[in-house]
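Notes follow once the structure below has been shown.
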2 protein chains.
Amino acid sequence: MKPSEGVTAEIVVQHVRSLIERGELRPGDRLPPERELAVQLGVSRPSVRAGLRSLAAIGILQTRHGAGTFITDGPPTLGSEPLSFLAALHGFTRDEMFEARRALEVGIAGLAAERATDEQIATIAEEVTGMFASLDDPQAFLIHDIRFHRAVAAASGNPILASLVEMVSALFYEQRRKTVENGRDLKQAAQAHRAIYHAIRAHDVKRARAAMSEHLSVAQQAQALENGDAAGTQVPAALPSFDAPAHRPRRPARVSVPAPASPTSAR
Amino acid sequence: MKPSEGVTAEIVVQHVRSLIERGELRPGDRLPPERELAVQLGVSRPSVRAGLRSLAAIGILQTRHGAGTFITDGPPTLGSEPLSFLAALHGFTRDEMFEARRALEVGIAGLAAERATDEQIATIAEEVTGMFASLDDPQAFLIHDIRFHRAVAAASGNPILASLVEMVSALFYEQRRKTVENGRDLKQAAQAHRAIYHAIRAHDVKRARAAMSEHLSVAQQAQALENGDAAGTQVPAALPSFDAPAHRPRRPARVSVPAPASPTSAR
DNA sequence: AAAGTCGTATGGTCAGACCATTGCTCAATC
DNA sequence: GATTGAGCAATGGTCTGACCATACGACTTT
């Protein structure tokens, strides 16, 4: 049981939860206005706002000033903030992060090799191509890197694993956007990704797992050298403005990070 | 960028974050009173409360009526609610959950086999013993089951992986508290856990991974048969009152679920 | 028909008050 | 002197009501 957290706000949370479970609220749907919810549930508007804020904090819904409150749309995701705070609070090291990511992604690579559809394989191939095409543009390369790993996660067919790895990975990419590798690393990385792709395409589970493991080991060491530290350095603890691009229902406006691209949930 | 979420509340969140990053706030510490924070940051008290509520929602801090607001103490944890809502929202199946858990725990078992200290191994052994001692008491058995997996996660030495698997596992245990297996399953499960323990004690990475994988596969099938479904059933989507026992600083009061037992962070 | 303007709906913020709980102080009591 | 109980101050929880800021559609104008 949560230590305190109030009572009336919890009514709101439970109400929204039941609406979701009963299928009356689905991703993208709009909730009733706060004032209306208040009278419906017999609580004050501040309490409604408190409950909604809790749900917004864990990524269940998003509010748009002047427009309304909406159930978060797009692929299932957990958000990187909780982990980011946890890292700041308990001093997670970058190596621990990498290790967690490797444990996840190796399993994911294996599942992807088992199940990837032709279409998913094609998507993965596209990102590999994109990598080789941007060996001279680290920023663009990074975009394809992110999307490659997303595509593999989607091909695993397991949205939970995809969400988890997305959460862990998010902390790296923000950091990597600045400290970009040199050209030689990029070519090496591209080849590593191609190897993973080939294994998945061949539905070779064992090789896919090995290739992913190898890739992440190399990447980890490369980054350690880059930052010239003794592998015990804490994670930067910043995340100035990563947060996936908000997924506004309309407005294709997309500048920096690529679209979430529906990792795995089609449902 | 978060879609909206207000601005003043975000000031509060960032302030707390910076306090944490500067080491001025550590787990267990008490924050200034809301009224004081309000004047310090030049925002109204409702805004302070809004920011604090966001942080409370992601498990960073806890409020105690009449006492104050505290940075969450105890082992790092992410909380199961976000995943629970995500499950309700996107209809995760139980098999997907099991698969995610297996991917995580197999990796964890391998790391535990590599690194487990004698003390950690002893803790694991204790839970195995407890299982065999409660073959006739499914409730007690489940407690030891939970603690066994926690102990293995702690022995992996990676608090991030421990947090992730705890988050995923939480959804099972609440369900299992009711639908308890029969005696034969219990004995089988106890033996499976013992096999994992033996592999870890022998620091046999490969065997530890294989044993964990096997154990979770069997458990998955057993649970599928129990609920007599076609493996596609959605997760129950309830979690009436799981939430780890609040970790009150004082008051050893502990009844149902076992102590968090400091998975991995000793600080 | 296109473009700009206005108005309404809706979330964001604030102020102030009062309630509920906690935990301590201090006095009464044994 | 130790214990217990009442009282009090600190602190979070809730409410009312008002006003501001934004978004989006309807309407007007060109």
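Below, chain A is the first sequence line, B the second, and so on; all start at residue 1. Side-chain atoms are counted along with the backbone in the values below, which use heavy atoms only and exclude waters and symmetry mates.
Each of B:Arg35 and B:Ser47 lies near DNA chain C, and the nucleotide nearest B:Ser47 is the one positioned closer to the 5' end. Looking at which nucleotide of DNA chain D each of B:Arg53 and B:Ala67 is closest to, the 5′-most match is held by B:Ala67. With the nearest nucleotide of DNA chain C identified for both B:Gly42 and A:Thr69, A:Thr69 has the one nearer the 5' end. Each of B:Gly66 and A:Thr8 was matched to the nucleotide of DNA chain D holding its nearest heavy atom; the match closer to the 5' end belongs to B:Gly66.
Within the 4.5 Å cutoff, the side chain of A:Glu127 has no heavy atoms near those of the A:Arg150 side chain.
Atom CG in B:Leu52 sits roughly 14 Å away from atom P in D:dT14 (whole-Å rounding). At whole-Å resolution of the value, CZ in B:Phe70 and P in C:dT21 are 17 Å apart. When rounded to the nearest whole Å, the span between CZ of A:Arg30 and P of C:dG11 equals 7 Å. The CD atom of B:Glu34 sits 14 Å away from the P atom of C:dC14 (whole-angstrom rounding). For A:Leu41 and D:dT14, the CG to C1' distance is 15 Å, given to the nearest whole Å. To the nearest angstrom, P of D:dG12 lies 14 Å from CD of B:Gln62. Nucleotide D:dG13 holds its P atom 13 Å from the CG atom of B:Leu37, rounded to whole Å.
Remark: B:Tyr173 OH to B:Ser80 OG distance equals 12.5 Å, nearest 0.5 Å.
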>> As a quick check of understanding, evaluate side chain to side chain donor-acceptor pair (under 3.5 Å) for A:Arg64 and A:Thr69, giving each step before the final call.
In response: CA-CA 6 Å; A:Arg64 299 219 310 272; A:Thr69 305; over 6 Å; no
> Would B:Ile108 and B:Asn158 count as a side-chain contact (heavy atoms from CB on, under 4.5 Å) if you check the C-alpha gap in whole Å, the side-chain angles of each, and the deciding distance to 0.1 Å?
Replying inline: CA-CA 8 Å; B:Ile108 285 174; B:Asn158 191 314; over 6 Å; no
>> Quick one, A:Arg101 with A:Leu104, criterion side-chain contact (heavy atoms from CB on, under 4.5 Å). Give me CA distance, side-chain angles, the key distance, then yes/no.
In response: CA-CA 5 Å; A:Arg101 189 181 162 194; A:Leu104 280 166; 5.8 Å; no
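Residue-level contact check: B:Pro33 touches the backbone only, with heavy atoms under 4.0 Å from sugar-phosphate atoms and none from bases.
One N or O donor and one acceptor, one from the side chain of B:His65 and one from the base of C:dA20, sit under 3.5 Å apart. Evaluation of atom-type donor-acceptor distances gives a pair under 3.5 Å for the side chain of B:Arg45 against the base of D:dG13.
Between B:Arg64 and D:dG13 there is no side-chain N or O to OP1 or OP2 distance below 4.0 Å. The phosphate of D:dG13 has OP1 or OP2 within less than 4.0 Å of a side-chain N or O from B:Arg49.
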